[in-house]
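Dumping the structure here so I can ask a few things about it.
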Amino acid sequence: MISLEFLIASAIGVLTAGGVYLALRGRTFQVVLGLTLLSYAVNLFLFAIGRLVIDRPPLFAKGLTDHADPLPQALVLTAIVITFGMTALVVILSLRSFLESGSDQVDGIADPADEGSAS
Amino acid sequence: MTMIVDIVISALVLLGAGFVLIGSWGLVRLPSTMERLHGPTKATTLGLGALLLGSVLYFQLRLGTWSAHELLISLFLFITAPISANMIAKVHLHRLHTGALSEPDSIAGPPPRPGDDGDWATFAEPQQDTPAATANT
Amino acid sequence: MIKWLLPHPALSVMLLAVWLLMANTITVGGLVLGAIFAVILPKFTEPFWPDRPRIRFGRALAGYVVIVLYDILVANFEVARIILFRRNRDLRSRWLIIPIDLTTPEAVTVLAGTISLTPGTVSSDVSADGRYLLVHALDVADAEAEVARIKARYEARLQRVFT
Amino acid sequence: MIAWALNIASVAVALALLLNGWRLLKGPALGDRIVALDTMVINVIALIVLIGMIGGNDTYFEAALLLAMVGFVSTIAYCKFILRGDIVE
Amino acid sequence: MTALDQLIIAPIVIPTIVAPLALLAMRRRRRVGVALSLAGCVLMLLAALALFGMAQDGTIRAYPLGDWPAPFGIVLVLDRLSAIMLVLAAALALIVMIHALVTSVDRKGWHFHPLFQFQLLGLNGAFLTGDLFNLFVFFEVLLIASYGLMLHGQGGARLKAGVAYVIVNIVGSALFLIALGLLYGLTGTLNMADLARRVATLGAADQGLARVAGLLLLTVFGLKAAVVPLHLWLPRTYAATMPVVAALFAIMTKVGVYAMIRTVPLIFGPGAGAAAWVPAPWLMPAAILTTITGFVGVLAARGMREQAAFALLGSTGTLLLAVACWTEATTAAALYYLVHATLAAAALFLVADVTMRRRGQYGDAIVAGPRFVGQQAVGLLFLATTIAAVGLPPLSGFVAKLFILQSVSTNALSWVLWATVLGTTLIGVVGFARSGSALFWKAKADGDPIACPERSRAELAAPMALVALLAMMTLFGGGATAQAQAAAAQVFAPQHYLNAVLGNAR
Amino acid sequence: MILAALTLLPFAAALLLALCTSASRGTHVLIAAGASAGGLGLLLSAPPGVVAGAPLALHLAWVPALGLDFSLWLDPLGLLFAGLILGIGLLVVIYAQGYLARDEATGRFLSCLTLFQGAMVGIALSNNVLLMLVFWEMTSLSSFLLIGFWRDRADARQGARMALAVTGGGGLALIAGLVLLGQVAGSYELSTILTRGDVVMASPLYPAILILVLLGAFTKSAQFPFHFWLPHAMAAPTPVSAYLHSATMVKAGVFLLARLWPVLAGSELWFYLVASTGLLTMLFGAGVALFRNDLKAILAYSTISQLGLMVMLLGFGTAAAAAAAVFHILNHAAFKAALFMNAGIVDHETGTRDIRRLGGLAALMPLTATLGTLAAAAMAGLPPLGGFISKEMMLEESAHTIFGGQTLLVPVLATLAALLSAAYSLRYAAKLFFGPTRTGDAPKPHDPGAAMIGPSIVLVAVALGLGLLPMTIAGPLVAAATAAVTGEAAPRLELALWHGINPALVMSLVAVLLGAAVVWQYPALAARLANRAAPDAKRMFDVAMGAVITQTRRASLAIHAGSLQRYLFMLFAVAVALGLDGMLTSGGLLTGPRAPLPASPVAIAAWLALIAATVTVVLTHRQRFLALVFISVIGLVMALAFVHLSAPDLALTQIAVEVVTILLLLLALHLLPKTPRQLSSVPRRLRDGALGIAAGIGAGLAAWAIMTREVRDSVSSYHWANSYPGGGGTNVVNVTLVDFRAFDTMGEIIVLGIAGLAIYALLEPAARGAAGRRLRAWRKDMPHSPERHPMMFVMATRLLLPLALLVGLYIFLRGHNQPGGGFVAALVFAIAILLQYLASGFDWTDERRQMGEHPLIAFGVLIAVATGLGSLAFGAPFLTSSFGYFHLPLIGKFELATAMLFDTGVACVVVGAVLMALAQLSHVAQRAARGSDASDGEGL
Ligand code: NA
Ligand code: NA
């Protein structure tokens, strides 16, 4: 029987692997995609450390003791917000850098052939 | 009484889920983009509609809590779904028009031109003072 | 004063209704709060919706809604049948061009939306002069009849709603 | 009985989700992929509703509501991108 | 809660208020914004000094935010270590701010003052917090502010370097979250004192996972501190940014070191079983390599800013040599060296700035150019800062290195450490002698005339202030080393920290 | 008091000189000479007991933690040395006034000189070895500055750097040696250390200490093979050569050996290391000196040789040898300083220092010639000068020194060295002042003024006096100093020119006579040697240094070639490696005992979708648009997972953030290449893939390990229990965010706010410079539809705006008790406004917006922090919340909480930051679009 835990853990693994691979690519946009995948992985990880609970959202009700751990959820929320800010900045920074140098390669090698290349 | 309620709710749920599935099946099996665009309409309208109605009844009659959000979900979908469909159709028309490689013809063929001289908004800038140009002010 | 306070009464009513639906319960407090929002939000968003059309409530609108819902229900089964049982090569998929007489973009949009919501037809584009609607039909035997049906069934009614 | 119905329904919708995924992968037209994504949003709304019903918990409906309201924004944005390149102009 | 205790929140509140006010003011009246920002720095220094005074009685004070008791809410903790870091940050900030105003760097781009204040907020928060997740948050605050500052003034090279700097740190943050998550998953707490208590009670298998968490934390802190091989981002970043900003960033690598000093003896101390002192075996060789890489870089550098960046790297390595021994004595030496190295590195960047401004098209390249205005004075400043940076007498670098040499002598690897410290000092001496003689002695007689506007002598004020601080650290070396020792003693007696945060009745 | 004044006086003078560089030359000389004279006066005023062996001492705590104290003493050795430094210093300052040209920077020069003087006095007087190190390194630094005084000359700069590298490096070894010594001896106080000789000698660290200390001493005293810096230090002005590089600084090494004699000397190791180094240096220096043609080079190598002599004597380890060394220090200081001044005068008057271009100067400058000849005679070891006596003493000691069982080795070599010394000394005098007249560049050189000649008169007089009246002038001091060196009672000294006929006299005679013969036959000898290329140490040093710098630069550049790919690879690799280390040592117990939850078909389907989407993103990453579409799928599945796993707040946030992120990425992609070509090679991709998989496995296993473990009582159970009674809300996640951990949230919105500001700062100048040019030159890279604002979409957004705002308000208000809250609400607001941008365009929307992003961010932060500060008024900590339930007629019970106010701040910042990012970004695209209007509709 496949467990939810396995699904989550393997999803974290696959997202991380993909994120690491993309983050190691040579162009900023790919790297941003990689960071996005990584942040999904991290959010899921951070969420999973509260253990998996079904149908018990952390909404307080008297006498209810069985509930999902609210703290990791709060941490993930904070992490999502911060990640969004970072993503926005890095996207715009890489665009700005591209505009300045004409190359979207992360390592600053001029690549004039890329300019205005068709899709 | 509860039996009837259960049957009604179950039927609504199954009907809704069935239409959702059929819609997605249509998306898979219909021959080209324009035809496939018809699939999801079932999911948004009757599919989700039946599901949501089942949900309203379920919460009201079985759990005793009044939940009306389902109606709002439908409302929003009714507003947004046609827009999505419209924009996707425009994408298809545009790609067809510009000869994109990955855009196979619809079995309906290319769209006929409207009237004698004009063209569709996707291909020609909407003219001032017509409904189509309303946002250009 | 009323006009200033409620520049768009239809919208305000709609907002109040949505508020109550969201709140799930009807309390005095909720009503008051909803009413406040129903007044403030149209006022606040007024610049974003210039030339709001006048809508006639009442039988025209109610009738329209009922007919559309009914058509949606019927068409759903119709299209489901096509998807499940019709072979692709038998599909009579085609474009319809619907000449429109509605004048406000809001009305045209509602018409187009209605057509899209009804399974089997998708509003795909408007002509640049705003006088035609391009509709794709999944399976239509007689295109002209279908155009006529749409015009009669939806557009005529909408003309009464949007004065 | 309702429980059965809900389970069958969620399997059906899950299947629908996979069908969408197939179309999304297959394409071939960009429009196909966008339709598939848009349909996926609808199916996820359906799943959220079903999950809510199975758990007897209506707290998730806001998620469905929000998805119904903003889910189409990305669809539109994708379309606008292909049509105009610049999604805000 | 007495009014005095409320002072602990001041280093947080001051920049948080000043930054938005400056932001609002700058849009209409620049001078008001500048005045606010400067006043913020002054206030912050005063607050830091007051807190430093408070910490002198040796008690550790916990400040429960939101009045929620630890470990359930977030606490700020003021001990000697955090007080030292606060004063260091505030003093550095004030000096850098003055230099930025004197040289009008703040007008070279948008939002310098709000970003600067937020940067300080991040630093102060990181130094004060007693909660691991909150440390992450303040890391993010200081990082994102540093991104903004790093890019201040822009230009192609800076943007390219900025992309790399930002991305590598984003990945670092992701690792931080994973480490945090592991610790929370194992112990059910985020409060550092509580973590210390709970890690000590973990079973053997769980301690293994705690080990993983500890090593990931080490990676994150090592990245911030720029430890070889995680240092690669630093040279280009610091060389590409404005020297004023780089001067402020001198403290950024120290945040990583601070975090190690804060967390390791507390959480991964002797009680942690399999996770005890987990970073030690990795950190030591890395620190040695960092020191060597840094000073070799000083020798190999082609520009003053690059050279300063490598000097910073080398000094961080030297600092970590001491830290990685994980004894009270070495930590004391490390703390003294930390303060010294921060000020010295900042001074190097400011001197580079002053030199660049005067050398026109020659910039900071280590090649001879024509004579320039104030060459003697700047040269003298360069001499003083480099003496401090490499650790020659009579400035505090010598005292610091002596401190480190003495404290590490009980380590099994002491001879390697000594050889590293002294050998790299020699490399540094040669490197700076080369660059100094090329920049301030050698003159290109037939060079093109330098096109640079009239420079004010006020530009020398900030670097001079830093040198003066270094001289004070030497002159009052007795007091300064005693402070470092007292702070290290607190770090190595975590029981007091635990009692202060969690209460005695545990 | 005297001690402190003695030490500080030169530093005070140096500071004063540095501050008044613009004062007149006379003032400068006056200050410097005054300091030296004052110092001498202080020294003379020292109580007579000092010479008798009752040292004066001063102890001020400085850095007690390190044992580094300001501890000074004045014993006979220190007295001798300090006297030498101050006395010669005074003469050199006077000489310098004549020597330096009018336009030289005398202030800077004398400042460095007095700085050096202070450091030397410090070395002489330090009673703390760490303090001595401080002064020691300061001498290297001031020497660096003085050698490089003529900064325009390449040889000066190179000489300075070389001297610094060698002596500074030696100083670093000395640091190690002295710290070790102090640790072994148990104190850094010299007076204590000197009594611990037995402890030190017995320590296993003794060889290390000895070698390190010797490295310091030998480099400073230019012993072979560290001698090579000294000749190049001659690029300094001659007063510096006279002062630092002959009379004083180079003697610091000798002084150090003498100083530490009681603890370090006496062992075999000491004898062989020190004596043989000294002997070798003596021979080598003398041999080279003979064949140099530059006057200063001759003197430099002679200095090396003479230093070798002193070192050798100290190496012998006997009291008599020590006495000889001490006496030679004095002699050498006198005649060598005189000779340097002499060479300086010749150089000054004739414009050259090349001995081949000079000759017969006795006739033109008689006084100079007399002084030079006398000083050279002292160096040659001729009677009746002091040099003769100390050379006799040296030969005497060598005569009965057995080296490795050989009785003749040392005496023969010592005689040979004496021979060579006599030869170069005689050559100097004979060639320069006698024979055919050659005057270099000047037609008629003459004796210089009093300032230049006076100091040499004094020095030559001293050299003469040391020969004629040795016991009167130096006897007691040398005896006392020797006692200080040996740590024993003062030896009975008999310093006299005539001791009868003894081996030393014979050796001496042989040396002088043969030396004269060598000078006689010099041309032939020189011609024979000229063809032999001697290894040039400087060139070797330069080549080695050049190679080191080239190689390190190459390596450093290669390693630090700003490559993000490398940075990240390292980071991931380190994380994986360290994670592996942790896993391997964790005992392998990965799976915990917690019972797993069964996965429903829905979960499996969603999982499949997520995996497929992720893999596709990785595979199609160069088709950027498609990759984004698949990213959307991942986001959707994440939202579903959050719903399924009881996290409604997360689901809401995920849904909203996803939309905004996609908009952002699309806006950016518009201006970026859409499908760039492949960059990395296949092996590279395989490598990265392997690393990715390793990282993935690691992350997955870590998650698995945690999820399968039981929860240990988490602090969140307190949050659960207190959220309603203590925080006034039932949504525990929200109460955590706005109350329990509101501080995190404050930081988080500040991060967003900063992101907004940084983005603005980035984009605002984007229209200028290179970026602006590129934007203006930007051409559409895809065929575009001409329709900007599709009608149906525009109409829908008009209705959606108020609806979405209403939903946002609702989500905001209920957040405290139900899923929702400020952040999600703010995202909904932002999306509602962004929809207007999308539908109706930038300009249309922008002119209808009421509030700018900057005030939103600023006020948001201010609201949040003000809310937090409110509690301070009630004596509660920052961010303490309060809430209450209120009743109003008709409306009924409702709740007001300060947390809501805080949440308002959150919402403001989020709206501001999101709009800042997206609106500003689209504004850039706007400018691009405007720049390329010409190409609009291309491809249709
Ligand atoms: Na339809
Ligand atoms: Na509270």
Side-chain angles (χ1 to χ4, degrees), chain B residues 13 17 20-21 24 27-28 37 44 51 55 65 67-69 71-103 111 114 118-137, chain F residues 601-602 605 609 620 623 625-626 629 648 652 655 659 674-675 780-804 806-807 810-811 814 818-820 828 831-832 835-845 847-848 933 936-940:
Chain B
V13 165
V20 167
L21 182 56
S24 295
L27 184 59
V28 168
L37 203 43
T44 39
L51 259 181
S55 169
T65 51
S67 168
H69 290 178
L71 298 177
L72 284 175
I73 294 173
S74 278
L75 174 69
F76 280 118
L77 282 179
F78 273 46
I79 297 174
T80 59
I83 315 298
S84 302
N86 175 240
M87 292 298 283
I88 295 167
K90 276 173 176 292
V91 164
H92 171 73
L93 293 174
H94 171 66
R95 300 269 294 174
L96 212 57
H97 196 74
T98 55
L101 285 176
S102 63
E103 211 73 21
D119 208 339
W120 301 110
T122 309
F123 312 138
E125 181 114 33
Q127 297 154 13
Q128 289 294 316
D129 303 319
T130 65
T134 180
N136 291 344
T137 48
Chain F
V602 175
T620 66
Q623 286 158 282
F625 179 80
L626 271 190
V629 173
L652 287 176
I655 290 164
V659 170
K674 309 296 181 291
T675 43
K780 294 225 164 83
D781 52 1
M782 311 186 295
H784 286 169
S785 154
E787 186 191 30
R788 289 166 190 269
H789 310 292
M791 178 198 71
M792 284 182 74
F793 179 34
V794 173
M795 287 302 118
T797 56
R798 306 242 154 118
L799 179 60
L800 277 172
L801 179 65
L803 274 179
L806 188 70
V807 171
Y810 169 73
I811 288 177
R814 75 201 286 270
Q818 290 289 312
V828 173
I831 291 172
L835 261 179
Q836 307 302 310
Y837 278 99
L838 241 65
S840 302
F842 183 85
D843 294 334
W844 191 90
T845 313
E847 70 197 25
R848 284 166 173 78
D933 265 347
D936 203 30
E938 155 193 81
L940 280 171

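Quick note on labels: first sequence line is chain A, next is B, and so on, each numbered from 1.
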Quiz item: Which answer fits B:Ser84, side chain, backbone, both or neither, if we ask what part of it has an atom under 4.5 Å from a heavy atom of chain F?
Solution: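 No part of it gets close to chain F.
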Quiz item: Which heavy atom of F:Pro786 sits nearest a heavy atom of B:Ala121, and at what distance?
Solution: CG-O, 4.3 Å
Quiz item: Within a strict 4.5 Å, meaning less than it, do heavy atoms of the B:Glu125 and F:Arg788 side chains meet?
Solution: yes
Quiz prompt | Least distance between heavy atoms, F:His784 atom then B:His94 atom | solution = C-CE1, 3.5 Å
Quiz prompt | Non-hydrogen atoms of F:Pro783 and B:Thr98 that approach each other most closely | solution =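 So the two residues come closest at CB-CG2, 3.8 Å.
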Quiz item: Given the rule in the side chain to side chain contact (heavy atoms under 4.5 Å, CB included) test, do F:Leu803 and B:Ile79 qualify, once you have shown the distances and angles that lead to the verdict?
Solution: CA-CA 11 Å; F:Leu803 274 179; B:Ile79 297 174; 3.8 Å; yes
Exercise. To the nearest 0.5 angstrom, please state how far the NZ atom of B:Lys90 sits from the CZ atom of F:Phe793.
Key: 12.0 Å
Self-check item: Pick from F:Thr797, F:Leu799, F:Asp843, F:Leu800 with the largest number of heavy-atom pairs that fall under 4.5 Å of chain B
Solution: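 Ranked by heavy-atom pairs under 4.5 Å with chain B, first place is F:Leu800.
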Quiz item: Should B:Pro126 and F:Met791 count as side-chain neighbours, where that means a heavy-atom distance under 4.5 Å?
Solution: no
